[in-house]
There are 2 protein chains.
Amino acid sequence: MTLKPHPNYTRGELVEVLRNHGINPTHQRIEIAYVLFSRCEHLSADQLLALVNDRNSETSKATVYNTLNLFLEKKLIREVIVDPSKVFYDPNTDVHHHFYDIDTGELTDIDAADIEVSGLPQLPEGVVTEGVDIIVRIRSEQAV
Amino acid sequence: MTLKPHPNYTRGELVEVLRNHGINPTHQRIEIAYVLFSRCEHLSADQLLALVNDRNSETSKATVYNTLNLFLEKKLIREVIVDPSKVFYDPNTDVHHHFYDIDTGELTDIDAADIEVSGLPQLPEGVVTEGVDIIVRIRSEQAV
DNA sequence: TAGCCGAATTAGACACAGTCCAAGTCTTGC
DNA sequence: GCAAGACTTGGACTGTGTCTAATTCGGCTA
């Protein structure tokens with residue numbers, strides 16, 4: 001079972017998914033998973049921290065970072081590196097790419113289904129691809 | 001005239017290129033341009049700071065950051081955002097892409113000449129592309 | 001050559017994302 | 001209930017990058 005972001009996960013569903021990914025489902029981890037998967041957005045660690053504490057119990061900064069890194073390691077989420085000042089976390093782990101609006105900082109998914117990249121050179125010997133990220137940087141026309 | 005990284009720029013050549021890009025060629029800016037363009041590498045701000053001060057006069061951190069941002073703005077260099085903790089600066093402003101080795105942090109150019117991306121969705125209304133970055137994340141096979 | 005003025009540079013304080021650590025608190029198995 | 005391990009926590013810490021106020025530089029005029 002793969003987790004897809006959508007508005008209303010039950011606690012039970014989240015617990016099951018965490019378990020399936022080899023993650024011990026603690027209160028804080030469930031809270032964080034809930035916030036991540038209940039909204040179809042790309043969140044930064046500090047946004048997440050604010051949202052989690054807004055909704056419920058006190059969760060510390062350290063735990064948020066620990067948990068995000070655990071989720072990353074277990075491939076429950078992806079990180080998106082487009083902004084030099086902070087990392088965004090993406091609950092959608094399907095292969096896909098991003099529009100990044102330079103002016104607003106907004107990040108939008110691009111479905112990878114129709115995209116084809118041709119002409120990539122061969123990889124060096126003994127090296128393996130971890131992933132291909134395509135970032136289309138955009139800006140509002142008048143804002144030049 | 002476009003600047004291409006290669007080992008031995010003369011001071012005069014650098015001064016000319018800075019002027020052509022609307023940049024007042026001061027000592028520090030020439031030093032920084034020299035270090036950037038004399039090596040075919042992607043450098044971070046702190047690496048650059050070390051190299052500049054190694055070679056010659058004292059240049060402050062603030063000046064290095066100011067100058068890099070000025071060079072960026074004047075399109076003399078590009079920034080490459082692949083590592084969450086720091087930005088790399090790329091003296092090659094031709095359209096091209098990157099291999100990023102997750103294990104070593106090494107960044108390698110991919111010539112864009114042969115690459116074609118098809119199937120990108122249409123841009124939203126009133127929005128304009130600033131650039132398309134493709135990052136192929138790689139790692140050494142045994143290191144998994 | 002002296003003197004002026006705007007531009008560039010500087011040191012150091014600061015902001016902020018993210019990590020580390022040692023102490024405390026839950027869980028779980030027995 | 002208890003012990004052991006796993007998880008969480010606050011707060012100190014690190015490193016990148018920015019800001020600011022003061023100084024210095026460089027080019028211009030006379």
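Below, all heavy atoms of this structure are taken into account, side chains as well, without hydrogens, waters or symmetry copies. Chain identifiers are assigned alphabetically (A, B, ...) following the order of the sequence lines, protein sequences preceding nucleic acid strands; residue numbering begins at 1 within each chain. All values derive from a computational prediction rather than experimental measurement.
- When the P atom of D:dT16 is taken as reference, atom CG of B:Leu43 falls 14 Å away, rounded to whole Å.
- Side chains of A:His42 and A:Asp90: a donor-acceptor N/O pair is present below 3.5 angstrom, by distance only.
- Connection of B:Leu48 to B:Val17 is established within a shared hydrophobic cluster, with ILVMFWY side chains joined at heavy-atom distances below 4.5 Å, either directly or through further cluster members.
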Next item on the list: Take nucleotides 7-19 of chain C nucleotide by nucleotide from the 5' end and write B, S or -, depending on whether a protein heavy atom sits under 4.0 Å from the base, only from the sugar-phosphate, or from neither.
Entry: -SSBB-B---SBB
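- For the pair B:Gln47 CD and D:dG15 P, the computed distance is 15 Å after rounding to whole Å.
- End-to-end axis angle of the helix from C:dT1-D:dA30 to C:dC30-D:dG1, using five pairs per end and rounding to 10°, comes to 10°.
- Rounding to whole angstrom units, CD of residue B:Glu73 and C1' of D:dT18 are separated by 16 Å.
- Under the 4.5 Å side-chain heavy-atom criterion for Ile, Leu, Val, Met, Phe, Trp and Tyr, B:Phe88 and B:Tyr65 are members of distinct hydrophobic clusters.
- Linking ILVMFWY residues whenever their side-chain heavy atoms come closer than 4.5 Å, directly or via other members, leaves B:Ile77 and B:Tyr100 in distinct clusters.
- Put simply, the side chain of A:Leu36 reaches to within 4.5 Å of the side chain of A:Phe71, judged on heavy atoms.
- No path of Ile, Leu, Val, Met, Phe, Trp and Tyr side chains, each step under 4.5 Å between heavy atoms, connects A:Val80 with A:Ile115, placing them in separate hydrophobic clusters.
- D:dA6 atom C1' lies 16 Å from atom CG of A:Leu18, rounded to whole Å.
- The residue from B:Val136, B:Ile135, B:Ile134 that alone fulfils the side-chain contact (heavy atoms from CB on, under 4.5 Å) condition with B:Ile110 is B:Val136.
- Every residue two or more places apart in sequence or in another chain that forms a salt bridge (Lys or Arg N to Asp or Glu O under 4.0 Å) with A:Arg137 is listed here: B:Asp133.
- The distance from atom CD1 of A:Ile23 to atom P of D:dT8 is 11 Å, rounded to the nearest whole Å.
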